[in-house]
Novice: 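I have a structure I would like to understand better, so I am pasting it below and will then ask my questions one at a time.
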Number of protein chains: 2
Amino acid sequence: MFKPVRSRNPLLRLNPPQVLAAGFLVMILAGSGLLCLPAASASGQSMAYLDAVFMAASATCVTGLSVVNPGVDLTTFGQLVLIGLVQIGGLGFMTVATLIALVFRRRITFRERLILQETLSQSSTEGIIRLIRKVLVYAIVIESVGAILLFARFSFEMPLGQAAYFGAFHSISIFNNAGFDLFGAIEGRAGSLIHYVDDPFINLIAMPMILLGGIGFIVIADLLAFPKKRKLSLHSKVVLSMTGALVIVGAIVIFVFEFNNPATLKPLDLSGKTFASFFQSVTSRSAGLATLDVGALRQATQFFIVIMMFIGAAPGSAGGGIKVTTFAILIGAVLAMIRGRQDIVFFRYRIAQDRVYKAITFSLLSFLLIVVAAMILSVTENYSFLGILFETTSAYATAGISMGLTSQLTPFGQFLIIVLMFVGRLGPITLAFTLTPKMDKEPFRYPEGKVTIG
Amino acid sequence: MFKPVRSRNPLLRLNPPQVLAAGFLVMILAGSGLLCLPAASASGQSMAYLDAVFMAASATCVTGLSVVNPGVDLTTFGQLVLIGLVQIGGLGFMTVATLIALVFRRRITFRERLILQETLSQSSTEGIIRLIRKVLVYAIVIESVGAILLFARFSFEMPLGQAAYFGAFHSISIFNNAGFDLFGAIEGRAGSLIHYVDDPFINLIAMPMILLGGIGFIVIADLLAFPKKRKLSLHSKVVLSMTGALVIVGAIVIFVFEFNNPATLKPLDLSGKTFASFFQSVTSRSAGLATLDVGALRQATQFFIVIMMFIGAAPGSAGGGIKVTTFAILIGAVLAMIRGRQDIVFFRYRIAQDRVYKAITFSLLSFLLIVVAAMILSVTENYSFLGILFETTSAYATAGISMGLTSQLTPFGQFLIIVLMFVGRLGPITLAFTLTPKMDKEPFRYPEGKVTIG
Ligand SMILES: [K+]
Ligand SMILES: [K+]
């Protein structure tokens, strides 16, 4: 197979997902080492090593599940380690994923391979460096704008120095869809962003930032070029329309099911209800911050959120799950069948058969992993199955919200969730990179057979 | 489109699933009328009409969920009405489904259409009558053998007359995968077949009969012809291998997760544990009878059974669900991807792309229906979400086991479950008949587009 950069840089001889996995392991090890220093804990005593690994893995994989409360139990040093892991883990993943999507995965088809050999072989290293620089510039600009806006809002309720620190920390946490917050540091505050449930300012800063972090750089770049090119790629169109549809459907479902719930939407006025429904819809697919108490939602809403987390965000973004594009292809197959078409067509492009098989593969393997983990946890943990399923889905899809199980996990449960976070963050991209039909290896095709499936 | 029988018989001008749906509605109406006669209730007073509709729908759709206890609350007349509905509903469905699979669905491809026009147009009515006769003969032979064997077993513990009656009733109930039982009539008996959990005789009669009812007549006919032809159709191979795999995997999972459960497997010896695991595995996908207390299983096992019920039995059989063939195609896509193949290949036959899209369509629409119903019920019923999901899946997949919600349903809940049973029984076959890509209507294919799904 064609490997465009093989001869240039020995580091790139590992396949990119392997590099990423190795990097993540190193970061989790280093991060857990730093987090279990006494200087990282507010108590002045080392935290349990398993807790440190859990927090380091959760930060590096931008999951956001927490066994300690960052605003209460961590020192400023500990918080900086945490958000540093989020920043490196989040941007590192997005950069490599973007590289894979734009450069490496191209080796899939034979025709493209020939074209690429011409265009890439001469300037690949240069092109890759330019791409990485672009990704980092985007991220820094978005995070800076977010930090300034959040600083402005927080300056109304806390000292300027703290407001600046909170602005920067939460901007990074929000854009990378990490879900960590420091509000435990403020006396009498409920967790996460619950205090801001009907605050238009926080809602209108956080939601766009979460969405930007969740659509991936390819789409962001495409959007930036839109005013000039007046054209979006198929990938961007699918990501944007499916994201929009999921946000709206999610908000409606949450609004309807929680409308009368005294623990969530009932006390709010209409604008508060609307903000809360949209925020919870946006956040559920990957961000991990919440303006409602997830444990107090109705069982129906909680299960619905499990499905939203499972679907997740866009490929190559800060978010996880099976990805909105995967879900779009599954829905596309349903629509094609209902309309009696033989092809899945998005915006006048046909989706290749191998993409459909990939979509099935991602979905079923993800489902299998989440369910097997939930079945095992339901034996080791004393908790409702829905709460356990919520937890394993949240970990695998790097969503980071919890019905409350995280803080009660047994050591074995913690370990399993750590594994799920890691596999959930790196598994899909590894599969996507690895799974490509080797068409040239098939000497002939078998005749078509009929199987009744009605 | 080609309709081979249009000119012969005016009844067949409705499409076959419509005929089936109309027939089922008539049966449910007539059955509920009979069941709410005072003569049907052991109390001598009419049962609530909604209960009668529920029981009639459950019997006609061979679901097996019960709001009254047939052995206690029904008179012999009521029981005969119930088992009559099972027999007509079960065999009627299987006959029409077999007809659809063998005759009507053939109109799918253009080439086949031409071949059929020659072979069928002259003798279609005759061929259909021969086919129906064959189906009925198979069913009567299997049920008679089952009734005699069960009579022999029951004659050891009850008067001969009752044993004969119980043998016939349960043989029909078991073969049609209906799940109704009369053991409530015997003092001190636990429900369903729990009394026989480690009885080899009952296990070894019931399991093969459930499986025969669950594989469908096409496969049975294929198996009967095997000694002469030495060859099975692709459809039969897929059904048999997937059924076998599911039974074995299911038994292992149940054995492992329930091994230490004092309410289920723990009190049994190894052979009892093995029988119980296999029986519960066989029964879960559609039969509705149980030798273990489903409500006492571990949450992990209960959720696993939800998945087994969802998968269901074979097309055109007494069982429901998305069907083993649908599941096989999804698994085939995963295996093709993992092996780097471009085609799903079963036993040296390639599976057409439209079958894959159909498999996705069945699975997603079924999932959607089950989940939406569960979300609604979780608002109207006061029950754990897992119990509710179990109930809606059981109803839709015509499985008929319950964690206990059935007897506590609100009237609205009962109504929703009735709808689910009906839609679950007739929806898939209707979709399978209706959803066919109209290839000749597509003047051109769109160019292939790329969407990243990793
Ligand atoms: K997250
Ligand atoms: K059943």
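Naming convention: chains lettered A, B, ... in sequence-line order (proteins, then strands); numbering from 1 in each chain.
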Novice: Any donor-acceptor pair under 3.5 Å linking the side chain of Glu258(B) with the backbone of Arg298(B)?
Specialist: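 Between the backbone of Arg298(B) and the side chain of Glu258(B) there is a qualifying donor-acceptor contact (under 3.5 Å).
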Novice: So which part of Ile360(B) gets closer than 4.5 Å to some heavy atom of chain A, the side chain, the backbone, both or neither?
Specialist: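 For Ile360(B), the contact with chain A is made by backbone and side chain together.
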Novice: Tell me, for Tyr383(B) versus chain A, whether the close heavy atoms (under 4.5 Å) come from the side chain, the backbone, both or neither.
Specialist: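 Backbone only.
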Novice: Only counting residues at least two apart or in another chain, list the ones meeting side-chain hydrogen bond (donor to acceptor under 3.5 Å, both in side chains) with Ser236(B).
Specialist: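 Ser236(B): side-chain hydrogen bond (donor to acceptor under 3.5 Å, both in side chains) contacts with Asp222(B), Ser233(B).
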Novice: Name the region of Leu377(B), side chain, backbone, both or neither, that has any atom closer than 4.5 Å to a heavy atom of chain A.
Specialist: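 When you check distances to chain A, no heavy atom of Leu377(B) falls under 4.5 Å.
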Novice: In Å, rounded to the nearest 0.5 Å, how long is the span from CE of Met242(A) to CZ of Phe327(A)?
Specialist: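 Between Met242(A) CE and Phe327(A) CZ, I get 5.5 Å after rounding to 0.5 Å.
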Novice: For a 4.5 angstrom cut-off between non-hydrogen side-chain atoms, does Phe93(B) reach Arg425(B)?
Specialist: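 Yes, side chains in contact.
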Novice: Classify the side-chain pair Ser378(B)/Gln299(A) by whether it contains a donor and acceptor separated by less than 3.5 Å.
Specialist: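 The criterion, which ignores hydrogens and geometry beyond distance, is not satisfied for Gln299(A) and Ser378(B).
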Novice: Need one label for Val324(B): side chain, backbone, both or neither, based on atoms under 4.5 Å from any heavy atom in chain A.
Specialist: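 No part of Val324(B) comes within 4.5 Å of chain A.
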Novice: Where on Ile344(B) is there a heavy atom nearer than 4.5 Å to chain A: the side chain, the backbone, both, or neither?
Specialist: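 Interface part for Ile344(B): both.
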Novice: With respect to chain A, which residue among Ser363(B), Ala374(B), Ala333(B), Ser384(B) yields the maximal number of heavy-atom pairs within a distance under 4.5 Å?
Specialist: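 The residue among Ser363(B), Ala374(B), Ala333(B), Ser384(B) with the greatest pair count is Ala333(B).
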Novice: Check whether Phe347(B) gets within reach of chain A through its side chain, its backbone, both or neither, counting any heavy atom under 4.5 Å.
Specialist: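 No part of Phe347(B) comes within 4.5 Å of chain A.
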Novice: Do Gln353(B) and Asp343(A) have side chains that approach each other closer than 4.5 Å (heavy atoms only, starting at C-beta)?
Specialist: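 Yes; the side chains approach each other to less than 4.5 Å.
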Novice: So what's closer than 4.5 Å to chain B heavy atoms on Phe257(A): side chain, backbone, both or neither?
Specialist: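 The side chain, not the backbone.
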Novice: Could you have a look at Ile331(A), Ile388(A), Val371(A) and say which one has the most heavy-atom pairs with chain B under 4.5 angstrom?
Specialist: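 Of Ile331(A), Ile388(A), Val371(A), Val371(A) has the most heavy-atom pairs under 4.5 Å with chain B.
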Novice: Side chain, backbone, both or neither: which part of Leu330(B) has a heavy atom under 4.5 Å from chain A?
Specialist: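 For Leu330(B), backbone and side chain are both near chain A.
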Novice: Out of Leu386(A), Val253(A), Leu364(A), return the one with the most heavy atom pairs under 4.5 angstrom to chain B.
Specialist: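 Winner by heavy-atom pair count: Leu364(A).
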Novice: For the side chain of Ser317(A) and the backbone of Ile215(A), is there at least one donor-acceptor N/O pair under 3.5 Å apart?
Specialist: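 Flag not set: sc Ser317(A) to bb Ile215(A) has no pair under 3.5 Å.
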Novice: Check whether Lys266(A) reaches the backbone of Thr264(A) with its side chain - one donor and one acceptor, N or O, closer than 3.5 Å.
Specialist: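 The answer is no, because no donor-acceptor pair under 3.5 Å joins these two groups.
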